[in-house]
Asks: 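Here it is: the structure, laid out below.
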Amino acid sequence: MLITPTDLDSRIAQYATADFVDSTLIQEAGLESLSLLRLAVEVADQDAEIDAAGLVDVRTVGDLKVWLISLFPKDADETGAAC
């Protein structure tokens, strides 16, 4: 199943232990590193290489969304659907 940017809040909520908005710090949302990697595996293109080093700059839920979107299939349109 293809994940779209609009699905990200619900996907993140599955792993978060607290309410969040884009400006919420990752730790305040209760997201742990293993949860972040699980999210990445869920949204990444099957052929994508997940660069965990990219998580270094992820501080907020908004940062996380940007990083996750970068893992979407390259041939997807703005809704996440493959073209």
Side-chain angles (χ1 to χ4, degrees):
M1 179 168 86
L2 189 60
I3 306 299
T4 67
T6 55
D7 295 329
L8 286 179
D9 280 335
S10 62
R11 290 294 177 150
I12 293 169
Q14 291 176 343
Y15 294 99
T17 58
D19 291 337
F20 61 87
V21 295
D22 283 357
S23 61
T24 304
L25 295 174
I26 293 294
Q27 297 86 351
E28 291 176 2
L31 294 164
E32 300 174 353
S33 57
L34 184 56
S35 298
L36 300 178
L37 290 175
R38 286 181 178 162
L39 278 164
V41 169
E42 285 183 23
V43 303
D45 181 11
Q46 280 186 321
D47 298 327
E49 184 173 321
I50 298 171
D51 179 14
L55 284 172
V56 171
D57 296 325
V58 173
R59 305 247 187 275
T60 66
V61 172
D63 294 340
L64 175 61
K65 290 178 183 179
V66 169
W67 182 72
L68 291 172
I69 289 170
S70 75
L71 301 175
F72 282 17
K74 299 300 180 221
D75 62 345
D77 65 18
E78 63 276 353
T79 66
C83 298

Asks: Under the side chain to side chain contact (heavy atoms under 4.5 Å, CB included) test, which residues partner Gln14, sequence neighbours left out?
Replies: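 Result, side chain to side chain contact (heavy atoms under 4.5 Å, CB included) vs Gln14: Arg11, Glu42.
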
Asks: Going by side chain to side chain donor-acceptor pair (under 3.5 Å), name the residues that satisfy it together with Asp22, two or more places apart in sequence or in a different chain.
Replies: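 Expected list: Lys65.
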
Asks: Treat each ILVMFWY residue as a node, draw an edge where side-chain heavy atoms are under 4.5 Å apart, and state whether Leu68 and Val66 are in one component.
Replies: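 Different clusters.
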
Asks: Identify whether Val58 and Leu25 are in the same connected component of the hydrophobic contact network (ILVMFWY, side-chain heavy atoms under 4.5 Å).
Replies: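 The answer is no; the residues belong to distinct hydrophobic clusters.
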
Asks: Please report the interatomic distance CZ(Arg59) to CD(Glu28), rounded to the nearest 0.5 Å.
Replies: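 Going from CZ on Arg59 over to CD on Glu28, the span is 13.5 Å.
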
Asks: Distance from Asp51 atom CG to Leu71 atom CG, nearest 0.5 Å?
Replies: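 Result: 9.0 Å between the selected atoms.
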
Asks: Which heavy-atom pair separates Ile26 from Leu64 by the least distance, and what is that distance?
Replies: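 Residues Ile26 and Leu64, closest heavy atoms: CD1-CB, 4.0 Å.
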
Asks: Give, for atom CG of Leu55 and atom CG of Leu39, the distance between the pair rounded to the nearest 0.5 Å.
Replies: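 Those atoms lie 10.0 Å apart.
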
Asks: Report the C-alpha distance between Leu36 and Tyr15 in whole Å, list the side-chain angles of each, state the deciding distance to 0.1 Å, and finish with yes or no for side chain to side chain contact (heavy atoms under 4.5 Å, CB included).
Replies: CA-CA 8 Å; Leu36 300 178; Tyr15 294 99; over 6 Å; no

Asks: How close do Phe20 and Val61 get, counting heavy atoms only, and between which atoms?
Replies: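 Minimum heavy-atom separation between Phe20 and Val61: CD1-CG1, 3.6 Å.
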
Asks: Any side-chain heavy-atom pair from Trp67 and Val43 closer than 4.5 angstrom?
Replies: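 In short, these two side chains do not touch, never coming nearer than 4.5 Å.
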
Asks: Can you list the residues that meet the side chain to side chain contact (heavy atoms under 4.5 Å, CB included) rule with Val21, with sequence neighbours excluded?
Replies: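 With neighbours one apart ignored, the set is Ser23, Thr24.
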
